[in-house]
Amino acid sequence: MKHVSPESTGADETVLYAADRVRTLIPEQPLAEALVTRGGKVVAVGGRRELQAAHPGVRVVELRGATIVPGLADAHAHLAGLGRTLSILNFAGTSSVEQILELAKTAPPASYEGEWLVGRGWDQNTWPKGQRDFPTRQQLDALFPSIPVYFTRVDGHAAWVNTEALRRSGVGATTPDPPGGRIIRDRQGEPAGVLVDHAMALVVSKMPRPTEAQQETRLRASLQKCVSVGLTSVHDAGTDSPTLNLFRQWDSLGALPLRVYAMGEGYERGKQIPDLGSIQGKLLTFRAVKFYLDGALGSRGAALHAPYSDEPNQRGLLLIEPTELEKRAKDLIARGYQVAVHAIGDRANTLALDILARAAADAKVVDPRNRIEHAQILRMEDIPRFAQLGIIASMQPTHATSDMPWAEQRLGPERIAGAYAWKSLLDSGAHLAFGSDFPVEDSNPLLGLYAARTRQNAKGEPAGGWLPEQRLDGEQALRGFTTGAAYASFAEELRGMLRPGMDADFVALSVDPVDDPPQRLLTGKALLTIVAGRVAYQDPSLTAESRSSNSRALVQGSKSPLAR
Ligand SMILES: [Zn+2]
């Protein structure tokens, strides 16, 4: 893993970055040719010649062919989850049970936690037609009769386990469904091998925790992955206390490669609201707490007002009692925290809006900026309430394009009109913050920008886009990952734009996310990621190409900022 030592990258030096274009997102000067940074801040933006003349002797970094945009923020993601996904078995891209079992057969040692084989990313909706029911424990038992196996579904809201895992966890025919969870059962009432939402905890609580060293290695890999795709900030949606402690240590040592806006986990069954304190470090901020109100649509855990269209006896799951959530939210808001509520189904969203509205009014805080995470399926009458109540819609464009093949089966033609409705929310005046929910989706924000502009999959399907009236233009999409995410973290005065005086967080991309045809974003990449004026990541092509004569990206100056 590459470590960028802050000293070697000279945040205090004055540096001019010149690219094909600089998208500042400043309304009065949206385009420039270059920007100058010093001391971790943007000093100037403007024409390249005029800036060079105004800063004689400035070190110049040429980024030909590149577009510089404000640092990209992922407003909802899971850093520890990504780190784990990078090491355990990953079933992303598989399209059958056979493919998954094939991968499991040759699992490398890193995919074990203690004796348990652990994997993630299966999605029965991608399997051949006629085989899209939940998988069974027997399918795993054939290969793993004595090793316990735990494979999490792509959305993190269901797990596929074998008989040995159930045996070691003491889960059997007489085990009742826990509140907020469901044990899928066969005709005899035996657990069939899939556990939904809180039922997963029956097994997870019996699994060995990864070692501290394992967790540290995974988290470092996760942070490094983020800067390599151009992220300068991640809102971590559910940071547990060991992870928060690591972030705190690394931040005080200057070893965090990007900004982390940590949202603490707000609820553990039976536990009091912990006294959390708050943190404003160098790159680490902690002042938000997140709750799960319902599950996910793919595993039919999203709480709906009316039954699922494709399973009439299911209306989803609430993972916390609404009265308990309201009590906790009110207490936290009164103590100055921002409260974020995961709500996917329309019923969960109505409840979350009601609860956050009452809690904020009771707490009498001027600008609480509470957030609903996902805001995925909304009744039409709930859409304007986000703007009215000042509640942020924290949404994930790639969820729409991943879910579109089956979302309408779950919801029916009427409810689908308020699903993934980011344009309707924007038009209503709501604050939108965009993210990926990685590792549920890919961490690359260019894929999110593509999905927001097109509502299409990577093959360009469906033609014209799914529910195309919800498409955004390139700048609206970019704002979701920049100014919108900054606002959602109380940082709009410091980040999200490239304005003199603001933090020098930016990324040079190989594509222009605003004006290039959207299809180009799929093959685009981050060339250079700068956080607080320091190089957090550089693409290998930058240094290689700078040595060749026909270079597209060229680093000039007596001392390359990029050479280490
Ligand atoms: Zn999430």
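Every value quoted in this text rests on a predicted model; they were computed, and no experiment measured them. When a ligand or atom number is given, it counts from 1 through the structure's own listing order.
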Would you say His342 has an N, O or S atom lying under 2.8 Å from the Zn ion (ligand 1)? no

Answer yes or no as to whether an N/O/S atom of His76 is found below 2.8 Å from the Zn ion (ligand 1). yes

Whether Arg287 engages the ring of Phe490 as a cation-pi pair (distance to the six-membered ring centre under 6.0 angstrom, angle to the ring normal within 45°) should be assessed. yes

So, Asp437 and the Zn ion (ligand 1): N/O/S under 2.8 Å, yes or no? yes

Should the pair Tyr337 and Phe286 be assigned to parallel (<30°), tilted (30 to 60°) or perpendicular (>60°) ring geometry? tilted

Hey, mind stepping through Ser436 and Glu441 against side-chain hydrogen bond (donor to acceptor under 3.5 Å, both in side chains) and telling me if it holds? CA-CA 6 Å; Ser436 70; Glu441 307 283 351; over 6 Å; no

Only one of Asp155, Ile372, Asp294 passes side-chain contact (heavy atoms from CB on, under 4.5 Å) with Ile344; say which it is. Asp294

